[in-house]
Amino acid sequence: MYQPQTRVSDSAVIGAEALLRWRHPERGLVGPVEFIQVAEDSGLIEPIGQWVLKEACAQLRRWQERGCPPICVAVNISARQLLDPEAFLEYVTRTYTECAVDPRQIELEMTESLLLDHVEANAMMLRRLGQSGVRIAVDDFGTGYSSLSYIKRLPIDSIKTDRSFIRDIETDRDDAEIIRAIIAMAHGLQLRVTAEGVETTRQLGALKELGCDEYQGYLVSEPIDAERFAERFLNNSPVSDTPAKKPATSKVRLASVGGTRTK
Ligand code: C2E
Ligand code: CA
Ligand code: CA
């Protein structure tokens, strides 16, 4: 499923987060909280994670061939996938190359603890990924480690603030101050900030005031399938036999996804 990532300033949809679902023959759609941990413990997360990346890249390609404007797709990465950094770099590179996707359209979401635990082993690999154009986002920011040293040592593009800070942002001054501080730090380091779990226009209003760059949440949409995503957010009608249109120029611009890389 894909959930739109929207720019705060003008509400343009500039990206999507790929969120895994298991289509179970009897139980229907099963959410990741029910199976990701088992997949991590058993090692299945490696082939699953590779499939998610491949499917996301293949989907980007399909949208492109149908004339949709280019957006960025974010994919969640588990610790286990980084155990062999060379192999990880190799399959990320192979996947976007085989799908003929611009690496700048791919963002890898990694949690603070994952980045910190593997910082030494992965710094070189992440730098090489960064040089290729692939973006790195810190997921669930503010809930993990207090050490921030990894931020200056790794080629990070953006920070996603955890949903728990957004929930009460208009009523809880502490939450608002935490978000304000995260945004100030991130902007000082030339990183973008994405707020997760935005459900109300008042929360969005508070984020606008605080200078947040992008947001994601039920206010815009729940995660939806690729077909509906294209219809609702990429101005694209369902697949037909008509030949692909040339890529449309629209308010969704690849260049707008992210700032200048400084590391
Ligand atoms: P996450 O990366 O923090 O993803 C955000 C979660 O918040 C998603 O839950 C999303 O559906 C939910 N969400 C989005 N907007 C709102 C909102 O406005 N309100 C509320 N209450 N929730 C919102 P989901 O899809 O159940 O995913 C849960 C977690 O499973 C993800 O958390 C991520 O850690 C993991 N996950 C999902 N897909 C993958 C994957 O492909 N690979 C790996 N390794 N982990 C994945
Ligand atoms: Ca995520
Ligand atoms: Ca998150």
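In listed order, ligands and their atoms are each counted from 1.
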Students should be able to answer this: which protein heavy-atom is nearest to [atom], and at what distance?
atom                    : value
atom 22 (N) of ligand 1 : Y218 OH, 3.2 Å
atom 19 (N) of ligand 1 : E199 OE2, 2.5 Å
atom 35 (C) of ligand 1 : P32 CB, 4.2 Å

How many angstroms lie between atom [atom1] of [X] and atom [atom2] of [Y], to the nearest 0.5 angstrom?
X    : Y    : atom1 : atom2 : result
L19  : N76  : CG    : CG    : 6.0 Å
D102 : C57  : CG    : SG    : 10.5 Å
I71  : L60  : CD1   : CG    : 6.5 Å
E112 : K160 : CD    : NZ    : 13.5 Å

[X] side chain to [Y] backbone, donor-acceptor under 3.5 Å:
X    : Y    : answer
D140 : D162 : no
Q203 : E170 : no
R61  : Y96  : no
R135 : R104 : yes

- Query: Within the structure, does at least one protein heavy atom fall under 4.0 Å of atom 41 (O) of ligand 1?
  - Reply: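 Looking at atom 41 (O) of ligand 1, one finds that a protein heavy atom does lie closer than 4.0 Å.
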
- Item | Sub-4.0 Å protein heavy atom near atom 9 (O) of ligand 1 | no

Check each atom of ligand 1 against the heavy atoms of [X] and keep those under 4.0 Å away; list them by number with element.
X    : value
V198 : 18 (O)
S78  : 44 (N)
G197 : 16 (C), 17 (C), 18 (O)
I36  : 43 (C), 45 (N), 46 (C)
E17  : 2 (O), 4 (O)
G217 : 15 (N), 18 (O)
P223 : 11 (O)
Q3   : 14 (C), 15 (N)

- Would you check if there is a donor-acceptor pair between the side chains of Q216 and Q5 at a distance under 3.5 Å? yes

- Message: Could you check whether E46 and Y91, counting side-chain N and O atoms only, form a donor-acceptor pair closer than 3.5 Å?
- Response: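 Note: Y91 and E46 side chains miss the donor-acceptor criterion.
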
Ligand 1 and [X], any nitrogen or oxygen pair closer than 3.5 angstrom?
X   : value
R21 : yes
N76 : yes
Q81 : no

Below a 4.0 angstrom heavy-atom separation, can you tell me which part of [X], side chain or backbone, both or neither, approaches ligand 1?
X    : answer
D139 : side chain
D140 : side chain
R163 : side chain
M1   : neither
V52  : side chain

- Could you check whether the rings of H24 and W22 sit parallel, tilted or perpendicular, using 30° and 60° as the cut-offs?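 It falls in the perpendicular class, over 60°.
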
- Task: Run the contact test for E222 against ligand 1 with a 4.0 Å cut-off on heavy atoms, strictly below, and give the result.
- Result: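 It does not; every heavy atom stays at 4.0 Å or beyond.
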
- Query: Is E196 in contact with ligand 1, taking contact as a heavy-atom separation below 4.0 Å?
  - Reply: yes

Note: [X]-[Y] ion pair, threshold 4.0 Å (strictly below):
X    : Y    : result
R62  : E227 : no
R228 : D225 : no
E177 : R180 : yes
E40  : R80  : no

- Task: Could you give me a count of protein N/O/S atoms that are under 3.0 Å from the Ca ion (ligand 3)?
- Result: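 Number of qualifying protein atoms: 4.
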
- Message: Given the Ca ion (ligand 2) as the apex, I'd like the angle to OE2 of E17 and OD1 of N76, rounded to 10 degrees.
- Response: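 Here the angle at the metal atom is close to 90°, to 10°.
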
